[in-house]
Protein chains: 2
Amino acid sequence: MDPERSYKIGELARMFGLTARTVRFYEELGLLESESREGSAHRRYPERNAVRVRRIQQLKDYGLTLAEIRELFDLAARDRSGESVRKSLSEKYRSRLEEARKKRDALDSYIEDLSWHVEQLERVPDFFECPGASCATCLWAERCDVRLLVSPKDGA
Amino acid sequence: MDPERSYKIGELARMFGLTARTVRFYEELGLLESESREGSAHRRYPERNAVRVRRIQQLKDYGLTLAEIRELFDLAARDRSGESVRKSLSEKYRSRLEEARKKRDALDSYIEDLSWHVEQLERVPDFFECPGASCATCLWAERCDVRLLVSPKDGA
DNA sequence: ATTCAAGTTGACCTTTAACGTAAGATTCGC
DNA sequence: GCGAATCTTACGTTAAAGGTCAACTTGAAT
């Protein structure tokens, strides 16, 4: 890697499938740093920004917001040992992980419920007759009682 | 159930933990039907609307939008046999189910990836030294090469 | 008769991140 | 000197399900 190397905004954008607007936006947020533009009117991004963009994409994929990514970058700039960054990122990942697991569990029970409903809908031919015992999906209220609108958890 | 019974907007709202605004909003969308207000200025919701509200909440819980719910209600009004409603709802549920399963699978692999990263972050004490082989979480680009930013799928 | 909680219409506001898009002026590279 | 690239500024997008005034009117109970 050549530390002297620098990219124009379009180059950097193309390298990662972004638009110039996006790169500019990232810089606005403090995620990228262009050289001071002495004499020139166009931005120049030193090589290290390429790595940053890649890192941004990665962290974004893992569910971090750009604001959070910025915090991490700031942290890294202040603590060069990397300790605080590692701790912070680790915590963030852990909490994301927990959220994700909860979401997955919720999704699982959602899937179960929905399966039950689909089954009900397709199994009983005259399900809509509201036999008086239970009615999971009846839609015309004129014939229905609130108490007859059941869910799987209500017990069969 | 007394077919003559009717509710004021606040009553209906309180029954289901809604606000009057919400009930009004539902009526605007065509989800509820108040009696024609001859002589009166206040809405009156016949009993059947209670069942509708309950149904709305149920369908909402299963991920249908209010617009979709309205379509179902319309369908039910046009086809009293219930056949088309059952078909439509069944299809909707099925597609929701498929989406949910995909989401869950994506979530699962996300969880795996994230676990890998957490492990990496916590296992290698000087992970941030960028040993040159791989670097999953390094944050200061000055010392890093883009190619060193790896993910679990990249192979260890 | 009074009162005052409850109801009414209408119209705008909220949330939210990560950009898109338009416009017109400049600049760079060849 | 020309056209592609870049610049700044600033508003637009997305969008579901209501929230929040504001200013007014009703209706049931005292």
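Proteins get letters first, then strands, A, B, ... in listed order; numbering begins at 1 in each. This is a predicted model, so every value here is computed, not measured.
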So, does T22(A) get its side chain near the phosphate of dA18(C), meaning an N or O under 4.0 Å from OP1 or OP2?
no
Nearest-angstrom distance from the residue atom CZ of R70(B) to P of dG18(D):
16 Å
Once you round it to whole Å, what is the distance between P of dA17(C) and CD of E71(A)?
13 Å
Closest of dG7(C), dA28(D), dT27(C) to the I9(B) side chain is dG7(C)
Does the side chain of R24(A) get closer than 4.0 angstrom to OP1 or OP2 of dT6(D) through an N or O atom?
no
Below 4.0 Å: OP1/OP2 of dC28(C) and any side-chain N or O of S40(A)
yes
Heavy-atom check, side chain of K8(B) versus side chain of R44(B), under 4.5 Å
yes
Does the side chain of R55(A) pick up a donor-acceptor pair with the side chain of Q58(A) at under 3.5 Å?
yes
Assuming nearest nucleotide by heavy-atom distance, tell me which of A41(B) and A41(A) is located more 5' along DNA chain D.
A41(A)
Flag the pair E11(A) and R5(A) as a salt bridge only when some basic side-chain nitrogen lies within less than 4.0 angstrom of an acidic carboxylate oxygen.
no
Could you give the CG-to-C1' distance, from L12(A) to dT6(D), as a whole number of Å?
14 Å
Think T19(B) has a side-chain N or O under 4.0 angstrom from the OP1 or OP2 of dG19(D)?
yes
Rounded to the nearest angstrom, tell me the gap between atom CD1 in I56(B) and atom C1' in dA17(D).
12 Å
L18(A) has an atom CG; how far is it from atom C1' of dT6(D), in whole Å?
17 Å
Tell me the interatomic distance from Y45(B), atom OH, to dT8(C), atom C1', rounded to whole angstroms.
11 Å
Between dC7(D), dT26(D), dC19(C), which nucleotide gets closest to the side-chain atoms of H42(A)?
dC7(D)
Toward the 5' end of DNA chain C, by each residue's nearest nucleotide, G39(A) or A67(A):
A67(A)
What integer distance in Å separates F25(B):CZ from dG19(D):P?
10 Å
Proximal nucleotide (of dG18(D), dG29(C), dA18(C)) relative to the K60(A) side chain
dA18(C)
Side-chain contact check for L66(A): nearest option of dG29(C), dA18(C), dG20(C) is dA18(C)
R52(A) to F73(A) six-membered ring, cation-pi geometry met (6.0 Å, 45°)
yes
Which nucleotide wins on minimum distance to the side chain of R21(A), given the candidates dC19(C), dT27(C), dG19(D)?
dC19(C)
Audit row: D74(B), R78(B), salt bridge (charged side-chain N to carboxylate O under 4.0 Å, His left out) steps and yes/no:
CA-CA 6 Å; D74(B) 286 354; R78(B) 280 201 304 278; 5.1 Å; no
When you measure from the side chain of Y26(A), which nucleotide among dG29(C), dT8(C), dC19(C) comes out closest?
dC19(C)
Nearest-angstrom distance from the residue atom CD of E11(B) to P of dA6(C)
11 Å
OP1 or OP2 of dC7(D) versus the side-chain N and O atoms of R43(A): is any pair under 4.0 Å?
yes
Side chain to side chain contact (heavy atoms under 4.5 Å, CB included) partner of L31(A), the single match among L66(A), N49(A), L72(A):
L66(A)
